[in-house]
Amino acid sequence: MPNQVKNSQNPRLLAVTTLAKIKNGAYSNLQLNQVIKSHQLKAVDKGLLTTLVYGTIQYRLLLEYWLAPFVKGKKLEPWVKELLLTALFQWHKLDKIPKHAIFNETIEVAKTLGNAGTAKFVTAILHNMDRTGLRDESKIADPIERLSISYSLPVWLVKALLDQVGEDKTKRILASLNEAPAQAVRVNTAKTTVADAKASLIAEGLSVRDSAVAADALVVTGGHVASSKAFVDGLITIQDESAMLPVEALDIDESVHSVLDAAAAPGGKTTQIAQYLSGDATVLALDIHEHKVKLIKANAKRLGLADRVEAKALDARQVPEKLDQDFDRILVDAPCSGLGLLRRKPEIRYEKSLEDVLHLADLQLSILNATAKRLAPGGRLVYSTCTILNQENDGVIERFLAENPDFTLLKTPTDKKLKDDRVEDVLKIYPDDYETDGFFVATLQRKD
């Protein structure tokens, strides 16, 4: 790492170099966390760095649409392009930074990372954009391209949503995906109560409200939850509200002795299952990767639930051959495209294709078919994904039921009775419904 980056405390410079790395395949959240850990930044600068990185990724298609006429025919170094995109993002998507400050800071970064010539080039582009004005994306003739550019989501995904939920709902979903995600935690009811955990977080200066989505969830703002005493002591764990719903649907009570979590890492839902178990009941958590199994064990240990959790490396598709017991409950939180998580992982929108979605649907069905063979008669199996496309959701369940006549589809329950007036049995949580991650939950029962 060049010294001007290694020793920098400048959030704009660090945002540009971080974005250049993300473009080379690094995950945004991992890369950003690494930068924050390795630089001594003030809280306000951490906030600006995070906003610039996520915001520039979220609005990339729109920012590139604005920039394109001004750099046409010019070969830009990756960091120079990212610098100009961050300038556009601050200028047109943030309302508290004056234009002259954005321009001055952008030119200074160009001088630091480049040379006088680079700074002169960047200065010329900025002033040209200011003088000429930017293209109006609302004037794009093609309606699908207009939505794609305006909300910075790929054409194929816009088309799929329009087909599945219609224009009005699609626009609401697309708009919500560019909003900042809420920070939610799950209270570990094996150690404390929701009320006591809430009081503990408030005592540490955090703002806390009850979740309208999940029973044991709190929504937290105004601080770093992972540094709180409540987190360190295992009273809470970080988990999105929607992600708690599949375990609620399992309906775990005193009659449940054994649970299989078929695709468990990093263990959020495993530990949620464990906190609801009673007596000597246990949950077996599987993941295909050994290093991820260690994450599950570490999470269970921090939450004081290790005695209820067994974790092992196993491909869930091998469950019928490798496991010789039947389970009262099975959770298949299937590997998916993650399109319900775009607030948290914005780069996913540019990495996935419809072909990926169809391939994943086949993988999901194979996992579901395999694990279902180990469900006890009368037992309950919950299938969930963190995506919002029918191909990975309804389509997989329809295919499964066609191949497994000894299973029936139940109406998915939730503790807060979400969407209880819906006609369909499956539960679909879109990102705009409750400002949470998008999730799909289907509840299946094996006939006696």
Side-chain angles (χ1 to χ4, degrees), residues 12-13 15-26 28 31 51-95 97-111 113-115 117-159 161-162 170-171 174-175 177-178 342 346-354:
R12 290 177 172 85
L13 183 150
V16 167
T17 55
T18 301
L19 285 162
K21 288 178 182 174
I22 291 168
K23 287 284 284 181
N24 289 329
S28 60
Q31 189 63 41
T51 298
L52 290 179
V53 169
Y54 282 136
T56 304
I57 296 171
Q58 283 176 328
Y59 289 102
R60 180 169 295 278
L61 296 184
L62 177 58
L63 300 174
E64 288 181 339
Y65 178 78
W66 285 338
L67 179 63
F70 300 97
V71 296
K72 192 173 181 181
K74 299 179 175 70
K75 185 169 175 59
L76 303 184
E77 288 188 63
W79 71 264
V80 174
K81 181 180 179 182
E82 299 303 323
L83 177 62
L84 290 167
L85 295 179
T86 59
L88 280 166
F89 170 71
Q90 293 171 81
W91 184 9
H92 290 279
K93 291 297 179 181
L94 300 182
D95 56 9
I97 307 175
K99 181 176 65 177
H100 68 85
I102 295 168
F103 281 23
N104 289 342
E105 292 286 349
T106 300
I107 293 163
E108 285 302 312
V109 172
K111 288 178 185 174
L113 292 178
N115 52 40
T118 313
K120 187 177 178 182
F121 171 79
V122 168
T123 302
I125 295 290
L126 291 173
H127 289 299
N128 193 11
M129 288 192 291
D130 191 25
R131 186 171 56 251
T132 308
L134 305 176
R135 292 193 288 181
D136 183 353
E137 67 280 2
S138 69
K139 301 278 181 20
I140 297 172
D142 182 87
I144 294 177
E145 184 188 359
R146 184 167 62 246
L147 287 173
S148 171
I149 296 296
S150 297
Y151 294 106
S152 281
L153 285 148
V155 165
W156 74 266
L157 180 55
V158 174
K159 281 182 176 176
L161 287 171
L162 286 169
T170 294
K171 286 180 177 177
L174 299 186
L177 288 173
N178 287 330
L342 291 184
E347 71 275 10
I348 289 175
R349 68 186 74 195
Y350 311 118
E351 296 172 352
K352 300 295 181 183
S353 66
L354 185 56

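Predicted model only: the values in this text are computed from it and were never measured.
I149 pairs with exactly one of L62, I144, D142, V158 by the side chain to side chain contact (heavy atoms under 4.5 Å, CB included) rule, that one being L62.
Atom OG of S148 and atom CD of E137 lie 11.5 Å apart (nearest 0.5 Å). Between the CD1 atom of I107 and the CD1 atom of I102 there is a distance of 11.5 Å, given to the nearest 0.5 Å. Residue K352 holds its NZ atom at 9.0 Å from CH2 of W156, rounded to the nearest 0.5 Å.
Contact detail for A101 and I97: the closest heavy-atom pair is CB-CG2, 4.2 Å. Between F103 and H127, the closest heavy-atom pair is CD2-CE1, 4.1 Å. Summarising the geometry of Q31 relative to K21, their closest heavy-atom pair is NE2-CD, 3.1 Å, with the distance given to 0.1 Å. Looking at every heavy atom in both residues, S28 comes nearest to Y54 through OG-CE2, 3.5 Å.
The salt bridge (charged side-chain N to carboxylate O under 4.0 Å, His left out) check on K111 picks up E108, with sequence neighbours excluded. A search for salt bridge (charged side-chain N to carboxylate O under 4.0 Å, His left out) contacts involving K139 returns D136, not counting sequence neighbours. Every residue two or more places apart in sequence or in another chain that forms a salt bridge (charged side-chain N to carboxylate O under 4.0 Å, His left out) with K81 is listed here: E64. The side-chain contact (heavy atoms from CB on, under 4.5 Å) test applied to T170 returns L161, L162, V165, L174, not counting sequence neighbours. Listed by chain and number, the residues in a salt bridge (charged side-chain N to carboxylate O under 4.0 Å, His left out) with K120 amount to none (sequence neighbours excluded).
Looking only at distances, a side-chain donor or acceptor of R146 sits under 3.5 Å from a matching main-chain atom of I140. A donor-acceptor pair under 3.5 Å is formed between the side chain of N104 and the backbone N or O of H100. Counting only distance, with no hydrogens or angles, the side chain of R135 and the backbone of Y65 share a donor-acceptor pair below 3.5 Å. Not one N or O on the side chain of N178 forms a donor-acceptor pair closer than 3.5 Å with the backbone of Y59. Judged purely by atom type and a 3.5 angstrom limit, T118 has no side-chain atom pairing as donor or acceptor with the backbone of A110.
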| Stepwise, does the side chain to side chain contact (heavy atoms under 4.5 Å, CB included) test hold for E347 with R60? | CA-CA 9 Å; E347 71 275 10; R60 180 169 295 278; over 6 Å; no
Criterion side chain to side chain contact (heavy atoms under 4.5 Å, CB included) on V80 and V122, from CA distance to verdict: CA-CA 8 Å; V80 174; V122 168; 4.3 Å; yes
Walk me through whether I57 and V53 qualify under side chain to side chain contact (heavy atoms under 4.5 Å, CB included). CA-CA 6 Å; I57 296 171; V53 169; 4.1 Å; yes
Sequence neighbours left out, cut at 3.5 Å: what donor-acceptor pairs do the side chains of residues 83-93 make with other protein atoms?
| residue | atom | partner | partner atom | Å |
| --- | --- | --- | --- | --- |
| T86 | OG1 | E82 | O | 3.3 |
| T86 | OG1 | L83 | O | 2.7 |
| Q90 | OE1 | R12 | NE | 2.8 |
| Q90 | OE1 | R12 | NH2 | 3.2 |
| Q90 | NE2 | T86 | O | 3.1 |

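A heavy-atom distance below 4.5 Å is not found between the side chains of L19 and V16. Inter-residue side-chain proximity for Q58 and S152 is flagged as unmet; no heavy-atom pair is nearer than 4.5 Å. Side-chain contact between Y350 and L61 is present, with heavy atoms from C-beta onward closer than 4.5 Å.
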